[in-house]
Amino acid sequence: MKNANPAAPGPYVPFPYQNELKKYLDGRAGEHSIAMRVHGQRNIYVLNHGATHYITASIVKLAIMETVMVQAAAEKRQLSKSEKDLLVPMIENSSNEAATALWERVGQADGVRTVIRRLGATHTTFDPEGHWGLTSTTAADQVVLADYIFCPNDVIPASMQAYARKLMSSVSQDQDWGMTAGMNTPYVKNGWLSREDGWHVNSVASTGTKGYTAVGLTHSTTAPMEDLVETIEGAARIIARHESRPSSTAPSGQPSKTATPAPQPVDSAPQPVDDDHGHVSFHAPGTWNMWLQAF
C-alpha cells in the first residue's frame, strides 16, 4: 500500500517471512526486535522476540541530528558550520562528546521530543535524568525516524536529507556492521552499550532512497556484544534475501544493485556473502565507564 507521506508512521504488520525470522531468533541469546519498511509503502513489518522497548545507546544520535535539521529549517536557514562540525563526528565516528554538545544546543530531551513527536515517533521516551543514551525506543519508531532521512517529506529539507545520508554512508569502518549485512552501498547508525544488566546493541540501516529501511534492537544479560551483532546480521541477511531488488543510487552517484545471498534452508544460520557489510573485527568502545563520561 502506497503512502502519501512515505516517512510517516503506518500500520504494524507481521513479516511475510515471520516464521523464518522467529525460528532464527529462537536460537539466539537475549531478546530482539526487528522492523523493516519498503520505501513508499505504509506498512511497517515488526517482529518482537521478547521485549518491545529497548535502550537506544547511540542510535538516538539520528534523532539528535534530525532535531538539529528541523530546528534549522524552522529558522529558514541552512546548517551552520559549527553544527556540521559536530554532526560529522557524531554520525561518522559516534562521538559522544559531539552528541552531548548538540543535545544541549537543541534543548536536550524537550527539544528532541518535540521534533520526534512531530515525525510520529510516539513510543520513544527519554531518561528522567537527561542521559540521551538511555532513551527508550521501539524498532518501529526507529524505522519512522530513519525514513525521514530516506523518503520524501515536508519536514526535513531535501538538501539536509542528502547531507544526513552522506554522513550515514561514511561511518568509520569498525562501525560498518549490523543491519547493513546483505546490503550494497548501505547507510547506517549503530549503538552499543554495556550496563550492569548486560549488553544493549542496536542497528539502523537503509539501502538508500530506494529499497528499504531495517532496524534491529537487542539486549542480553549474558551474551557478549559480538554475539548480538551476529544476531542482528543474521536477521538482516534474511531480510536482504527476501527484499532483494535494485538498490538506491550509491553515494558516488552511480547506480548499484543489492547483493543477493544464495537461498538457504529455513533452519540454517544466514551466511555472509562477499563484501556484504557484515561483521568485521572491531573494538567495542561503548563501555559503561565511557558512557558515564559522555553523560
Side-chain angles (χ1 to χ4, degrees), residues 1 3 8-39 41-57 59 62 120-124 136-147 150 177-183 186 188-192 198-207 211-221 223 227-245 258 261 263-272 276 278-279:
M1 184 181 297
N3 190 356
Y12 300 167
V13 299
F15 282 87
Y17 38 94
Q18 187 100 333
N19 289 341
E20 182 179 357
L21 278 169
K22 185 177 184 301
K23 188 167 186 176
Y24 170 69
L25 294 175
D26 282 345
R28 304 297 300 182
E31 48 193 359
H32 329 90
S33 184
I34 309 295
M36 185 275 293
R37 177 160 62 181
V38 176
H39 295 161
Q41 297 187 4
R42 291 194 65 216
N43 289 342
I44 300 175
Y45 298 103
V46 178
L47 170 58
N48 292 316
H49 191 261
T52 58
H53 288 72
Y54 293 78
I55 290 175
T56 59
I59 62 171
L62 291 180
T122 57
H123 302 287
T124 298
S136 173
T137 195
T138 65
D141 264 13
Q142 291 303 308
V143 166
V144 170
L145 292 176
D147 278 353
F150 296 97
W177 49 263
M179 293 306 289
T180 56
M183 293 183 179
V188 66
K189 182 70 197 82
N190 295 322
W192 56 97
W199 275 101
H200 301 259
V201 181
N202 308 313
S203 183
V204 179
S206 179
T207 57
Y212 63 94
T213 293
V215 173
L217 309 180
T218 68
H219 168 243
S220 175
T221 58
D227 284 4
L228 295 180
V229 170
E230 290 172 1
T231 297
I232 290 171
E233 291 182 350
R237 290 190 182 99
I238 292 173
I239 293 171
R241 187 171 75 249
H242 286 278
E243 302 301 329
S244 294
R245 62 191 68 212
T258 302
Q264 303 168 57
V266 170
D267 59 353
S268 67
Q271 297 299 310
D276 81 337
H279 178 66

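Position 1 is the first residue of the sequence, and the numbers go up from there. Model, not experiment: these values are computed from the prediction.
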Under a 4.5 Å cut-off applied to non-hydrogen side-chain atoms, are Ile34 and Ile238 in contact?
-> no
Check whether any side-chain heavy atom of Ile59 sits under 4.5 Å from a side-chain heavy atom of Leu217, and report yes or no.
-> yes
With Asp147, which residues qualify under salt bridge (charged side-chain N to carboxylate O under 4.0 Å, His left out), at least two apart?
-> Arg37
Only one of Leu21, Thr231, Leu25 clears side chain to side chain contact (heavy atoms under 4.5 Å, CB included) with His49; which?
-> Leu25
For [X], give me all partners under side-chain hydrogen bond (donor to acceptor under 3.5 Å, both in side chains), at least two apart in sequence or on another chain.
X      : answer
His53  : none
Ser136 : none
Thr56  : none
Tyr17  : Glu243

Atom of [X], atom of [Y] and distance for their closest heavy-atom approach:
X      : Y     : result
Ser220 : Ala29 : OG-CB, 4.3 Å
Ala140 : Val46 : CB-CG2, 4.1 Å
Ala235 : Tyr24 : N-CE2, 3.5 Å
Ala139 : Ser33 : CB-OG, 3.5 Å
Gly10  : Ile44 : N-CD1, 3.9 Å
Ala51  : Glu31 : N-OE1, 3.3 Å

Straight-line distance of [X] [atom1] to [Y] [atom2], nearest 0.5 Å:
X      : Y      : atom1 : atom2 : result
Thr124 : Leu145 : OG1   : CG    : 6.0 Å
Tyr54  : Thr137 : OH    : OG1   : 11.5 Å
Ser244 : Tyr212 : OG    : OH    : 7.0 Å
Lys189 : Leu62  : NZ    : CG    : 7.0 Å

Under 3.5 Å donor-acceptor, Asn43 side chain and Val13 backbone = no
Under 3.5 Å, side chain of Asp141 to main-chain N/O of His123, donor-acceptor pair present?
-> yes
Could you pull out all residues at least two apart from [X] that satisfy side chain to side chain contact (heavy atoms under 4.5 Å, CB included)?
X      : answer
Ala146 : Val204, Thr213
Ala205 : Met179, Thr180, Met183, Val188
Thr218 : His32, Val201, Leu228, Ile232
Asp227 : Arg28, Ala223, Pro224, Glu230

Of all residues at least two apart in sequence or in a different chain, which pass the ring-ring contact (aromatic ring centres under 6.0 Å, His included) check with Tyr45?
-> Phe15
